[in-house]
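Quick notes on the structure that follows.
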Amino acid sequence: MMLSRLALVILASLVCSSAVQAQRYFLGQGVMSGEVTSTSVLLQTRLTAREGLDESGDLPGRAGRVRFEWSTDPDFRSSQTSDLLVAEPGHDFIVRHLVTSLTPGTRYYYRALVSVATEERPFEPIGQFQTLPAEDSEADVEFLVFSCMNYNKFLHGKKAKSSGPLTATEEDKRLGYPALVHMKKHSPAFFVGTGDIVYYDNPYRNAETLAQLRKCWHEQFRFPRLIDFLKEVPGYWSKDDHDFRFNDSDHNKDRLPLPKTGIQVFREQLPIVPADDQNSPTYRTFRVNKHLQIWLTEGRDYRSPNRMKDGPEKTLWGDEQKQWLKSTLKASDAKWKLLISPTPLIGPDDAYKKDNHANLKGFRHEANEFFEWLDTNEIDHFMTMCGDRHWQYHSIHPSGFQEFACGALNDENSRMGVPPGSRRGTDPDALIEQPFISPEPSGGFLSVTAGEDLSVKFYNDEGKLLYEARP
């Protein structure tokens, strides 16, 4: 039967409409910035085929072309753009661009321009960041530290072996972690995510293949509250065991995911190094202002086996990183020197563990040698911050050096801690002084304000101030 001209027109219109629909683009994980300095920043987004998770619980990507546009004007009346970037499956449809030649202490706005048909369209959301001040700036800077964002415990509670109280409402499970709302209210200059950003391993499900690992990042970073936070606050990220391989993982065992895969996926998913940079180490240091310098260490890439007998040859950091850490500390003239580590150096921690510097059969020799080196070389106003432990604490090492643990971000991943003197802990003789430890299981984060003076504040996930230290 011959179709009428009208029918042909309608059919063609439907086919065209379907083709356009099939090529719809979204930024289902928003935009984010990272590694901000006084003159540079990394911008990142991921092209997706939809907003929100699909029936399989994943957020599929979509191939396309993107430019980043940035300006000091929120209306982008005067702006610059990147070269055309290609979102393709080999990089999980993620695009990233290093912006340089920025002005210190200046707020910038940025957005993604996506190629659609024959034009480039600006996509929401619009992000913003402020470059770090000049190195001689006397202005105070506030930043946040958080860790241990356990998606499965947050979403599935007891089925995922929640260790803390089940407080997530249905609205929370749709929008994301409640702590993010309170963190945003601080309007911090930046944040540090100290590791366990996602969890590949959980009794609810284990991720082993590349597609499964990527899915963990997709499901986490599609939360509206996280998108809302990341679009306005630049970040520095470190990895720990759960976003490397599995609990307390080193390079031993053939169990999936393999170490190489864990390292590559972390570099792929977060704006830490420029796109396709496979060589730059993920330990680094940043001068924040005249008074503060921070160091971010890498705890998984270079470590000796956890079960190796502790002694001079056993290392969590590796010789090259350790020499870098010592040389940059000696060279710094900052008043406050803050090492932000994925794992604790002081603790106390659980007695049974062998994974970190605080553990009795872990890497204690390297920690003790490092504290002795700090003392011998008169590295003053040095302190550490860490993630990994699911409770907050302020501890003072017998040598006088201090450590602040940020705890887990969400209630469902929190627990009571191990105090000094506990037979269940790594400080049975109570040599460590501990001015603060979480009074109850609770999620939360730390706020650090650094100028001539330094303040460290502990908050729970409801934004309530629990404790403040002024070292």
Output all residues satisfying salt bridge (charged side-chain N to carboxylate O under 4.0 Å, His left out) with Lys215, sequence neighbours left out; order by chain, then residue number.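 None.
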Sequence neighbours excluded, which residues qualify as salt bridge (charged side-chain N to carboxylate O under 4.0 Å, His left out) partners of Lys173?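 For Lys173, the residues satisfying salt bridge (charged side-chain N to carboxylate O under 4.0 Å, His left out) (neighbours in sequence not counted) are Glu170.
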Worked check of side chain to side chain contact (heavy atoms under 4.5 Å, CB included) between Asp243 and Tyr199: CA-CA 6 Å; Asp243 43 22; Tyr199 280 67; over 6 Å; no
Quick test of your reading: applying salt bridge (charged side-chain N to carboxylate O under 4.0 Å, His left out), list the pairs with at least one residue in [range], sequence neighbours left out, ordered by first then second residue.
{"range": "residues 291-300", "result": "Lys239-Glu298, Asp240-Arg300, Arg300-Asp355"}
{"range": "residues 317-337", "result": "Arg287-Asp333, Lys322-Glu366, Lys326-Glu369, Lys335-Glu452, Lys337-Asp380"}
{"range": "residues 182-201", "result": "Lys184-Asp228, Lys184-Glu232"}
{"range": "residues 406-421", "result": "Asp350-Arg415"}

Within the 6.0 Å centroid threshold, strictly below: [X] and [Y]:
{"X": "Phe143", "Y": "Phe286", "result": "no"}
{"X": "Tyr283", "Y": "Trp317", "result": "no"}
{"X": "Trp391", "Y": "Phe436", "result": "no"}
{"X": "His397", "Y": "Phe371", "result": "yes"}
{"X": "Trp217", "Y": "Phe266", "result": "yes"}
{"X": "His186", "Y": "Tyr459", "result": "yes"}
{"X": "Phe244", "Y": "His251", "result": "yes"}
{"X": "Tyr467", "Y": "Phe458", "result": "yes"}

Please assess Asp248 against Asn306 for the test side-chain hydrogen bond (donor to acceptor under 3.5 Å, both in side chains), listing each intermediate value before the final yes or no. CA-CA 8 Å; Asp248 291 354; Asn306 292 339; 5.9 Å; no
Sidechain-backbone polar pair: [X] side chain, [Y] backbone, donor-acceptor under 3.5 Å:
{"X": "Arg222", "Y": "Glu219", "value": "yes"}
{"X": "Arg50", "Y": "Gly28", "value": "no"}
{"X": "Arg96", "Y": "Leu270", "value": "yes"}
{"X": "Arg284", "Y": "Thr282", "value": "yes"}
{"X": "Ser38", "Y": "Pro133", "value": "no"}
{"X": "Thr45", "Y": "Gly30", "value": "yes"}

Would you check, one step at a time, whether the test ring pair (Phe, Tyr, Trp, His ring centres under 6.0 Å) holds for Tyr177 with Phe445? CA-CA 12 Å; Tyr177 306 103; Phe445 58 95; over 10 Å; no
Assess whether side chain to side chain contact (heavy atoms under 4.5 Å, CB included) is satisfied between Leu409 and Ser147, documenting all intermediate values. CA-CA 6 Å; Leu409 186 70; Ser147 183; over 6 Å; no
Rounded to the nearest 0.5 Å, what separation is found between the [atom1] atom of [X] and the [atom2] atom of [Y]?
{"X": "Lys457", "Y": "Leu446", "atom1": "NZ", "atom2": "CG", "value": "12.5 Å"}
{"X": "Lys231", "Y": "Met32", "atom1": "NZ", "atom2": "CE", "value": "13.5 Å"}
{"X": "Leu329", "Y": "Gln293", "atom1": "CG", "atom2": "CD", "value": "7.5 Å"}
{"X": "Asn206", "Y": "Gln212", "atom1": "CG", "atom2": "CD", "value": "9.0 Å"}
{"X": "His365", "Y": "Phe370", "atom1": "NE2", "atom2": "CZ", "value": "14.5 Å"}
{"X": "Lys153", "Y": "Asn410", "atom1": "NZ", "atom2": "CG", "value": "8.5 Å"}

Angle between ring planes, Phe191 versus Phe229, binned at 30° and 60°: parallel, tilted or perpendicular?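 Tilted: the ring planes of Phe191 and Phe229 meet at 30° to 60°.
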Could you walk me through whether Tyr393 and Glu403 pass side-chain hydrogen bond (donor to acceptor under 3.5 Å, both in side chains), step by step? CA-CA 8 Å; Tyr393 65 76; Glu403 179 166 89; 2.6 Å; yes
Verdict with reasoning, Glu468 to Ser455, per side-chain hydrogen bond (donor to acceptor under 3.5 Å, both in side chains): CA-CA 7 Å; Glu468 180 178 4; Ser455 169; 2.8 Å; yes
Run the side-chain hydrogen bond (donor to acceptor under 3.5 Å, both in side chains) test on Glu142 and Thr449 for me, step by step, so that the C-alpha distance in whole Å, both residues' side-chain angles and the decisive distance to 0.1 Å come before the verdict. CA-CA 4 Å; Glu142 181 187 9; Thr449 302; 4.7 Å; no
